[in-house]
There are 2 protein chains.
Amino acid sequence: MGVVRKTKSVKLLLEEFEKSSSAISVITLIERLDSEMNKTTIYRALDKLEDDGVLHSFLGKNGHKWYAKCNNCSAHHHHDVHPHFQCVDCGKVDCLSETVVIPEIPNRKVHFSQVLLQGTCEQCFN
Amino acid sequence: MGVVRKTKSVKLLLEEFEKSSSAISVITLIERLDSEMNKTTIYRALDKLEDDGVLHSFLGKNGHKWYAKCNNCSAHHHHDVHPHFQCVDCGKVDCLSETVVIPEIPNRKVHFSQVLLQGTCEQCFN
DNA sequence: CCTATATTTGCAACTAAGTTGCGTTAGCAA
DNA sequence: TTGCTAACGCAACTTAGTTGCAAATATAGG
């Protein structure tokens, strides 16, 4: 809800997402920015950026948290069900633009859905 | 791969899955069986039972591991993409029989997919 | 039924992701 | 420039899951 201040930390984080179009795991961010900022700051800034609709988060194959830039998702409402693809070889994760259709579930109201695809990406395919 | 021995631990675990048709989180199993067996044993036995196709596992909303009985999935090949539904109110998780169609992804080979739906279940709906 | 062998178990110590509390620092608006 | 509030760093903590090893136990073979 609160406005995101343009602090050094937020700038550095957003630069990382500017550089690569892929999603980035929190673990990777902590490794990369270790000398620049504390991991607590990273967790809190990412949380904020997600609240403000700048980033969206999801869980990778080990249950570790990943973040990616929001492109077509509107802030505060990430109801789009775009799947995430994680390469089992190189570990890279991308947001896919394909839409996964979630069927109506009898007797249940679906609020949110998460689709994680795992397989081999173009680079690792040989 | 190895045949599952009918040890006391394995029997107790399978009883839990017999009782409830829902999925059970490892955390819950550790709580419930705390006086009967060590958590290391639980982790290892579940691993084994999954290898042998008796149970299948997936990650819940916090990235915590859940297990459920395999009904129509053939051992060693859990290629069926049945979604899991987690109630955001009571936390219960069920395997759904609905099939989610995963679209073909250009330049990528999908080996495995995981669909987690979150919402309100029948009991919590009011 | 009894023994040999390989598998499973318990324990304790460990790893690592993520969180919390608090005193200090630094954006930003007036 | 000043003052308020949000953001930061640090250190300690929480907790899911793992590892190594010695002791216990299931199963097969006799």
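Here is the naming used below: chain letters follow the sequence lines, and residue numbers restart at 1 for every chain. Since this is a predicted model, take the numbers as computed values, not measurements.
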Review point. To the nearest 10 degrees, what angle separates the axes at the start and end of the helix from C:dC1-D:dG30 to C:dA30-D:dT1, five pairs each?
Key: 40°

Review point. Can you list the residues that meet the side-chain contact (heavy atoms from CB on, under 4.5 Å) rule with A:Asn62, with sequence neighbours excluded?
Key: A:His64

Point to revise | Residues clustered with A:Leu116, ILVMFWY side-chain links under 4.5 angstrom | key: none

Specify the closest pair of heavy atoms between [X] and [Y], including all atoms of both residues, with the distance to one decimal.
| X | Y | result |
| --- | --- | --- |
| B:Gln114 | B:Leu59 | NE2-N, 3.1 Å |
| B:Tyr43 | B:Val26 | CE2-CG1, 3.5 Å |
| A:Ser57 | A:Lys65 | OG-CE, 3.5 Å |
| A:Val88 | B:His111 | CG2-ND1, 4.2 Å |
| B:Pro103 | A:Thr99 | CG-O, 4.2 Å |
| A:Lys109 | B:Phe125 | CB-CE1, 3.7 Å |

Rounded off to whole Å, could you give me the [atom1]-to-[atom2] distance for the [X] and [N] pair?
| X | N | atom1 | atom2 | result |
| --- | --- | --- | --- | --- |
| B:Asp34 | C:dC11 | CG | P | 10 Å |
| A:Glu36 | D:dC8 | CD | P | 14 Å |
| A:Asp51 | D:dA6 | CG | P | 14 Å |

Practice item. Check if the side chain of A:Arg44 and the base of D:dG9 share a donor-acceptor pair of N or O atoms closer than 3.5 Å. Key: yes

Below 3.5 Å between N/O atoms, which protein atoms pair up with nucleotides 12-15 of chain C? Just atom names and distances, please.
residue: C:dA12; atom: N6; partner: B:Thr40; partner atom: OG1; Å: 3.4

Exercise for review: Tell me what A:Ile30 touches on the nucleic acid: a base, only sugar-phosphate, or nothing, going by heavy atoms under 4.0 Å.
Suggested key: nothing

Point to revise | Geometric class of the B:His82/B:His56 ring pair [parallel <30°, tilted 30-60°, perpendicular >60°] | key: perpendicular

What nitrogen or oxygen pairs link the protein and nucleotides 27-30 of chain D at under 3.5 Å?
residue: D:dT27; atom: OP1; partner: B:Lys6; partner atom: N; Å: 3.1

Revision key, fill the gap. Salt bridge (Lys or Arg N to Asp or Glu O under 4.0 Å) pairs touching residues 11-29 of chain A, sequence neighbours excluded, are A:Glu16-A:Lys19, A:Glu16-A:Arg32, A:Glu18-A:Lys69

Review point. Looking at C:dT9, C:dT8, D:dA7, which one has an atom nearest to any side-chain atom of A:Lys48?
Key: D:dA7

Practice item. Output the single nucleotide from C:dT9, D:dG17, C:dA17 whose closest atom is nearest the side chain of A:His64. Key: C:dA17

Point to revise | Main-chain N/O of A:Thr40 paired to A:Asn38 side chain as donor or acceptor, under 3.5 Å | key: yes

